[in-house]
Amino acid sequence: MHKDGLGSANPFVEVELDGQKQRTQTKFKDLNPTWNETLVFNVSDPSILPNLTIDVSVYHDRRQSSSNSSDHSSASGHHRSLGRVRISGVSVAPSPSEAQILRFPLDKRGFFSNISGDIALRLYAFQESSSPSPGAAETSTILNPDPSPPLPHKKEKKKSTSVPQPSPDLKEPRVFFSVPAGAQGNRPAQPAPPAVEVRTAATPLPASAVMQIQTAPPRPQSEYGLVETRPPLAGRVGYRGRDKISSTYDLVLPMQFLYVNVVKARDLPPMDVTGSLDPYVEVKLGNYKGITKHLEKNQNPVFNQTFAFSRDRLQASHLEITVKDKDVVKDDFVGRLQLDLSDIPHRVPPDSPLAPQWYRLEDKKGEKLKKGELMLAIWMGTQADEAFPEAWHSDAHSVGAQVLAHTRSKVYFSPKLCYLRVLVIEAQDLVPSNRTRLPDPVVRLQLGHQLRTTRPTPTTRSVNPVWNEEFMLVASEPFDEPLVISIDDRIEANKMEPLGRFMFPVVAAPNRTDHSKPIESRWFNLAKPSSSGEEVEKKESKFSSKIHLRIFLDTGYHVLDESTHYSSDLRPTARHLRKPGIGILELGILDARNLMPMKSKEGRTTDAYCVAKYGPKWVRTRTLLDTLNPRWHEQYTWEVFDPCTVITIAVFDNCHISGNKEDVKDQRIGKVRIRLSTLEANRVYSHYYPLLALQTSGLKKTGELHLAVRFTCTAWVNMVALYGKPLLPKMHYVEPISVVQLDILRHQAMQIVAARLGRAEPPLRREVVEYMLDVDSHMWSLRRSKANFYRITSLLSGLGAVFRWLESIRNWRNPITTILAHILFLILVCYPELILPTIFLYLFMIGIWNYRFRPRHPPHMDTKLSCAELAHPDELDEEFDTFPSTKPTDIVKMRYDRLRNVAGRVQTVVGDLATQAERAQAILSWRDPRATAIFIMLSLLLAVFLYITPFQVAAVILGLYFLRHPRFRSKMPSVPYNFYRRLPAKSDMLL
């Protein structure tokens, strides 16, 4: 922020650590300073470094002379503050090789301070043995904005530096050492505690780059934890950035692009002997070159193609546009244009598109041609521009035109799915080929790749069989696949003979949205399968077998295509049954960092793209080539109909850039799920989410994905009312579908969605869809079984804590708490009408107390809850094995024995639970006549006692007996417990 009143500032940085202060040089008249300086501090005990705080302050130097720039005196009393940062010693890297550039937004010193800009720091510690020189202090701090890694330390006679090699236009960085008082220059070296070096790089960012650099707080304690960020997003409350654009792209940082729209050309001069011309346009900016498609024999071609060059990578000040003639040997030059980029207009949506203009072509000498004009539109825009999705991007300049479509961002929609219900009732007048035996008919239903078959029963061995079996299949609009119904005669186990067949168009099936409206059944004629042609069919059409069916589309259900635990859409198929929307979900896919190289063998890093799914809408970002830190900054919006839903975002490596075969699969990098009900309304959440990949070798962190999420509620009353309504549509409860059948239908719905999206251009491939929908989540996994077991034990631990609390009261471990419990018990017994109000008031107070500890971040993948960190490699290998298994016999046997061991433990626990329940059932069953007689006589005595005794008296007696002092209590089990343990169970009846 400028501070000198003339639109500039004279910044310098002062760093304080453990009572020691150092400062950098002053950069005069510079709002984007680069210091590249090293500061060294002493830390006598490295173990206390995590408990120390590093104060980094940026000041404006009021003095107009740089002669005293290395003064170490405090600057707070003489200079104006440009911002400050306080950093915990935990952020200091243990070695120079592990130190990374950390960027922090400058904070205000006071409420009325006006501060802007970021500062980049690099901090690390080093032992005295690797100190820059023997005379250096035990601890050093380095201030250096250069993001390049440090070079090996250079030793000199008088002083030494440990800074990166500066660029040629930078001065030699200065190094400051803090020497203990009384130290002499020729003092002999003495043993000293290990030294710690803190390396920092400080660079307030330029105004144009502030919107492009992310803020990264100190490193989290867990490698797999969530990292909160504070990027300068226009949608964040309180942001006052001057480059806020008036559009809906307020959850991403604006990225500037130079757009060149090549519209058409006219009156191009002929180049061939025949007078024809095969023109195309070449747009070149520095080393980036984009080419339009060539049009054969056309002197007035129409291209309508847009090129986008990232402003961060502009390599020239002139844009060169050349029109060429496509030829077999060498393309001929037709004409060109050279345009200066210093005065390009800026366009921000929702402005109308820029009107293209005609430009006269020039020859190689720069003279205007007599014939030939090119219509162009050139402007500076952002990723919010309408031309952005379909434009040729300079990021993808190295790929061919045939795979360029695989790099573009697209929006997809899942097909509309509904259940097709078929009731097979009966058939009549079947004609078997062998009339000496009764047929064993089987009905087969086939819709696409879905197949259903009736079961053989005694009532079906007839020429007029009866089945009364109902089947459900998944159909998708536009219902272009017919339902094929055939009846076959089962002659042998693997031999079928067709008896009849017909095709039913699904589009003709009636719709049912409510169970109260029954659908009438119909008789259908079966066509006799024959190979003699149509004439035979016409002769046999006078008599045909018939089948009785009831077929209809059940549109009152929601077709599940993803797991019910993290579903993103719960609406029924019928549109008129859907509820209105309650809000809007906005997702900003900002960037990723530290991605794992996926193409190391090919000499490349990673070609990353993101896919997000919520409801039927899928989005895919553009593919950024050969980078481990891609920056997308694309924003998407969904309408929300239920807050108890989940959005899924995944990152993939595009394996079809280099012209690979179609059977090559895109590789998974990681996945993130965010439940909308855990988000506060109208708040922007921006975090780095860890991308985790579970492989046979173990858990790996494959990078971090930077997302900005905001849920905006537009109907608060409807949203609150949804919490009291069923999660699924009405038909799921009126006519429920069995769990086994629902799982089968879900798998088939996944296959339909994957097949339909795979036919788009560019295709959303099957492996991507299956990973997003968790197609293999139902498979057996010992790791998941352990995780679910620990989830149950953690829930039961809450009940255990309650019982332990009651036991502590009974044992008088805290006499005051026990006395208060007695008083509360007596009050509730005397005034029983206060019991329920007290319980609900207690729940209210617990909720208010827990509000202080509410989660401040969205949930993310928990590696400990998933038992992923300590999973055995063999367990992971079993989890990723195919079904059926393809492993050797000895490995399968070993895993089977292990599964038997685990199942044996589960069997024991289930048996113990059954035993306890059977004992309770045996109390009044007279299986043990003496125990039942004792129980019913005690019940009679207690009934008489409670009849003649007031309830309050009985409750007080029972409560005081339960809370009696341990001095009056025996350590042996109680009488009711002993009586219950002696009751019989059915465990002795098992074989």
Side-chain angles (χ1 to χ4, degrees), residues 50 90 93-94 98 218-227 563 565-566 593-598 646 648-651 667-675 678 687-705 771 774-801 855 857-883 885-888 890-910:
V90 180
E98 300 181 28
R219 167 184 324 177
Q221 295 181 356
S222 174
E223 181 184 1
Y224 309 114
L226 211 62
V227 180
S563 177
H565 299 295
Y566 29 84
R593 66 182 182 185
N594 303 327
L595 295 182
M596 179 179 293
M598 309 297 288
V646 177
T648 305
I649 309 101
V651 183
Q667 300 185 66
R668 308 171 180 177
I669 297 181
K671 181 166 52 178
V672 174
R673 296 193 198 100
I674 302 176
R675 183 171 292 275
T678 61
H687 295 82
Y688 270 109
Y689 293 83
L691 298 175
L692 306 176
L694 196 60
Q695 303 173 355
T696 55
S697 57
L699 180 67
K700 291 184 179 180
K701 183 177 180 180
T702 56
E704 292 177 294
L705 180 61
Y771 183 57
D774 281 322
V775 69
D776 55 350
S777 60
H778 65 287
M779 299 299 294
W780 158 257
S781 169
L782 186 60
R783 177 189 59 83
R784 289 199 191 103
S785 301
K786 289 181 180 179
N788 292 330
F789 175 77
Y790 292 142
R791 289 169 61 192
I792 294 176
T793 55
S794 64
L795 293 176
L796 297 179
S797 64
L799 297 177
H857 310 298
H860 63 288
M861 301 292 184
D862 194 332
T863 56
K864 293 184 178 179
L865 181 65
S866 305
C867 297
E869 296 185 31
L870 302 178
H872 193 274
D874 185 69
E875 298 176 5
L876 298 176
D877 185 65
E878 179 186 15
E879 181 175 346
F880 290 103
D881 191 11
T882 58
F883 187 84
S885 178
T886 57
K887 298 297 180 182
D890 54 345
I891 296 180
V892 176
K893 181 179 180 299
M894 182 270 294
R895 292 175 179 173
Y896 175 68
D897 293 339
R898 182 176 60 194
L899 181 60
R900 291 178 61 191
N901 186 18
V902 175
R905 299 179 186 178
V906 175
Q907 171 184 293
T908 302
V909 174
V910 173

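Listed by chain and residue number, Tyr566, Lys671, Arg673 satisfy the side chain to side chain donor-acceptor pair (under 3.5 Å) test with Asp774 (two or more places apart in sequence, or in another chain). Applying the side-chain contact (heavy atoms from CB on, under 4.5 Å) criterion to Val892, with sequence neighbours excluded, gives Ser885, Lys887. The side chain to side chain donor-acceptor pair (under 3.5 Å) check on Ser785 picks up nothing, with sequence neighbours excluded. Take Arg898 and apply the side chain to side chain donor-acceptor pair (under 3.5 Å) test, not counting sequence neighbours, and it matches Asp874, Glu878. With sequence neighbours excluded, no residue satisfies ring-ring contact (aromatic ring centres under 6.0 Å, His included) with His872. Under the side chain to side chain donor-acceptor pair (under 3.5 Å) criterion, Tyr896 pairs with no residue, sequence neighbours left out.
Scanning both residues, Cys867 and Tyr790, for their nearest heavy atoms gives SG-CD1, 3.5 Å. Here the shortest heavy-atom pairing between Leu226 and Tyr688 reads CD1-O, 3.6 Å. When all heavy atoms of Pro859 and Thr678 are compared, the closest pair comes out as CD-OG1, 3.3 Å. Taking every heavy atom of both residues into account, Ile674 and Val672 meet most closely at CG1-CG1, 4.1 Å. Nearest heavy-atom pair across Met598 and Arg668 is CE-O, 3.8 Å.
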Show your reasoning for whether side chain to side chain contact (heavy atoms under 4.5 Å, CB included) applies to Arg895 and Asp877.
CA-CA 11 Å; Arg895 292 175 179 173; Asp877 185 65; 2.4 Å; yes
Should Asp897 and Arg900 be marked as a side chain to side chain contact (heavy atoms under 4.5 Å, CB included) after you check the CA-CA gap, both sets of side-chain angles, and the distance that decides it?
CA-CA 5 Å; Asp897 293 339; Arg900 291 178 61 191; 4.1 Å; yes
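Side-chain contact between Gln907 and Val910: absent, with no pair of heavy atoms (C-beta onward) separated by less than 4.5 Å. Side chains of Leu692 and His860 form no contact here, defined as non-hydrogen atoms less than 4.5 Å apart. Between Asn788 and Arg791, some side-chain heavy-atom pair lies under the 4.5 Å cut-off. Residues Val227 and Arg593 meet the side-chain proximity criterion, which asks for heavy atoms closer than 4.5 Å. Between Tyr224 and Leu699, the closest side-chain pair of non-hydrogen atoms falls below 4.5 Å.
In this structure, the separation between NE2 on His687 and NE2 on His857 is 5.0 Å, given to the nearest 0.5 Å. To the nearest 0.5 Å, atoms CG (Leu876) and OG (Ser697) are separated by 8.0 Å. Between the CZ atom of Phe789 and the CG atom of Leu782 there is a distance of 12.0 Å, given to the nearest 0.5 Å.
Heavy-atom neighbours of Leu899 CG from other residues, nucleotides or ligands within 6.0 Å: above the threshold of 12.
At distances below 3.5 Å, at least one donor-acceptor pair connects side-chain atoms of Arg783 with backbone N or O atoms of Ser866.
Considering Thr702, Leu691, Leu705 in turn, Leu691 is the only one that fulfils the side-chain contact (heavy atoms from CB on, under 4.5 Å) rule with Leu595.
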